[in-house]
2 protein chains.
Amino acid sequence: MNDLTDKDVYWWRPLDDTELDTRGKILFAAYKEIHVNGFQSASLSNILARTGVTKGALYHHFPNKTALGYAVVDEVIARRIQMSFIEPLAHFEDPIEGFIELVQNAGDSFSMTDIELGCPLSVLAQEMASIDEGFRVRLIGIYEQWHQSIADVLTKARDNGLIIEAVEPYSMAVTIAAIMEGSLSASKVAQNLQKLYHCGCGLTQLLQLIRTSPGAR
Amino acid sequence: MNDLTDKDVYWWRPLDDTELDTRGKILFAAYKEIHVNGFQSASLSNILARTGVTKGALYHHFPNKTALGYAVVDEVIARRIQMSFIEPLAHFEDPIEGFIELVQNAGDSFSMTDIELGCPLSVLAQEMASIDEGFRVRLIGIYEQWHQSIADVLTKARDNGLIIEAVEPYSMAVTIAAIMEGSLSASKVAQNLQKLYHCGCGLTQLLQLIRTSPGAR
DNA sequence: TATAAAGCATACCGACTGGTATGGATGTAG
DNA sequence: CTACATCCATACCAGTCGGTATGCTTTATA
C-alpha cells in the first residue's frame, strides 16, 4: 500500500531504461517518504533502507534534511504540477469546453494512490508553510504559477467572448484551483472518489454558468 | 508567534474565570501544539513544558499519544467547526444572502493566526487521513456533518424557489466547502489575506449565479 | 477515623532521530 | 605513476522521542 504503482510514477521515471543515478534515487525515495509521512516525520533511515543507498551517499549529495526537502519540492513536486496541471491548459481549443472535459475525466486521471495520499503540493504546503520559510516561498511560487496559468486561460476566453464579462479572471482562477485542491483533500479523508465527483459536478456547473452561450446539452 | 491570542481562543476558554482543570489544560495545549507542528511531530514534552503539567498527569488522563490526539479531534476541533461553520448556517433568513454576507465578512472573522496556521481540521486531515484510521473516521465525520448542513440550507433554498433548479444541493455543498477550505489553504501558503479575498469573490459570484433573481446590488 | 481510589510527581528506559568523522574506492588530469 | 577530487560506506554520537514503573498526596466514601 505504501509503494507507488507504475501509473503513479510515469511522470518521474526516465523514458528509456537507464537507471536513475544515486542522487535521483534518493530524491525520488525522499519524495515518496515525504508524501506519505510528511516532511518532519519523514525518516532518513527509511529512505536509505528503501533505496539501498547509505547515509554517506545521502550526505554527500545533500548537506542536511532540509536541503533534501527543498530539492524534492524544486525538482519533483514542481515538475509534476507543471506536467499535470499547468501544461494541459495550453492545449485547450475552447478553454471552457477543455476545462469541463478535464474535470470530468479527472476521476480517471487520478490513481487511487493520489486519493489515498492526497495532492503532494497541498499536503506539504499545509504542513510546512507556517514552519519553514524556505518551503513556503517555494510552494507559493508553484501555486502562483498555477493560478496565473488558469487566469490566462480565462482572460483569453473572456477576450474571445466565451465567458461573461462579470468574471474577474484571476479571482475565478484562484477559486477554481481552490475547488480542485479542496476536492482532493475531501476525497483523501473519505478515501473514495465520491467527493471528487461531487466537486466535479459543482465545478462543471460553475463553468457552465460563466459561459456566454448557456451550453447545449 | 506560536501562541494564540485572545481572539483565537474565545471559543475555547470558559466564559467565567474558572481555571481549566488539568485535563482541559492538557487538551488545549495539545490542540495548539498539533495545530502548529502536526500530530506526528507534536512533542509531548513541549505540551508538558508549556502547561507545567507533568508526564504522570498526562498519562493518567490519556493512555497514549494517539488517544490524546483523538480527544483533541473529538472535543476541541469538532467543537470549533460546529461553532464557526455549522451553527451559523441555521440562523440565515435568506440562505443565499446570508452565505454571501458570511463570505464577505470572512476576512474579519479570521484572525491572522488562522491564516498562519491554516484550518486545523484540514491540516490534520491532510496529515493523518492516510496514516491512521482512527483519525480518518473522526475527521470524515466532521466533514460529512458540515457538507450535510450546507446541503440542507441549499435544499431549503431550492424548495423556496430561491436558487435555480439545476443545482444539486449536496454536490454544490461539497463544492462550496472545498472552496472555503482551498482558500484557507492558499492563504496559509501566501501568508496574507489576498487569496482569501479572491476566493470570496469567486464564491460570491457562484452564489449570485445560482440565484433565481439575478441579485440586485 | 480508617480505607480505597483518584490525581499527580519523579525517575528512568529502550528505540530512534538527524548529523558527523573517517577512511576506502574510483575516476581524472598532469 | 602521481596527485587530487568525487563518490560513497561504516561506525558512531548526542539528543529526543513516546512510554512505564513506582510512590506520594489529596479527595471521596464508609
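Proteins come first, then strands; the chains are lettered A, B, ... in the order of their sequence lines, and each starts at number 1.
- Remark: H61(A) is in phosphate contact with dC8(D), judged by side-chain N or O atoms under 4.0 Å from OP1 or OP2.
- We find that NE2 of H60(B) is positioned 12 Å from C1' of dT26(D), with the value rounded to whole Å.
- Applying the 4.0 Å criterion to OP1 and OP2 of dT17(C), one finds that S45(A) has a side-chain N or O inside that range.
- For the pair R23(A) CZ and dC8(D) C1', the interatomic distance rounds to 15 Å; values are reported in whole Å.
- Of the two residues contacting DNA chain C, namely G56(A) and Q40(A), the nearest-nucleotide position lying further toward the 5' end is that of Q40(A).
- The phosphate of dC7(D) (OP1 or OP2) has no side-chain N or O of T22(A) nearer than 4.0 angstrom.
- Side-chain N or O atoms of T51(B) include one that pairs as donor or acceptor with a backbone N or O of L48(B) at under 3.5 Å.
- Between the CG atom of L48(A) and the C1' atom of dG19(C) there is a distance of 12 Å, rounded to whole Å.
- The aromatic rings of W146(A) and Y143(A) are tilted relative to each other, their planes meeting at an angle between 30° and 60°.
- We find that CZ of F62(B) is positioned 16 Å from P of dT20(D), with the value rounded to whole Å.
- Between the NZ atom of K65(A) and the P atom of dT17(C) there is a distance of 9 Å, given to the nearest Å.
- L68(A) has its CG atom 15 Å from the C1' atom of dT17(C), to the nearest Å.
- The interatomic distance linking Y59(B) (OH) with dC8(C) (C1') rounds to 15 Å, in whole Å.
- Contact annotation: side chain of K55(A) to base of dG19(C), donor-acceptor pair present below 3.5 Å.
- Nearest to the side chain of T54(A), among dT10(D), dT20(C), dG18(D), sits dT10(D).
- Nearest-nucleotide positions on DNA chain C place G52(B) closer to the 5' end than the other of G52(B) and S41(A).
- To the nearest 0.5 Å, atoms CD (E127(B)) and CD (Q126(A)) are separated by 11.0 Å.
- Between E144(A) and K195(B) a salt bridge is recorded (basic side-chain N to carboxylate O distance below 4.0 Å).
- The nearest whole Å value for the distance from the CG atom in N37(A) to the P atom in dT17(C) is 10 Å.
- Taking CG of L203(A) as the reference point, atom NE2 of H198(A) lies at 14.5 Å (rounded to 0.5 Å).
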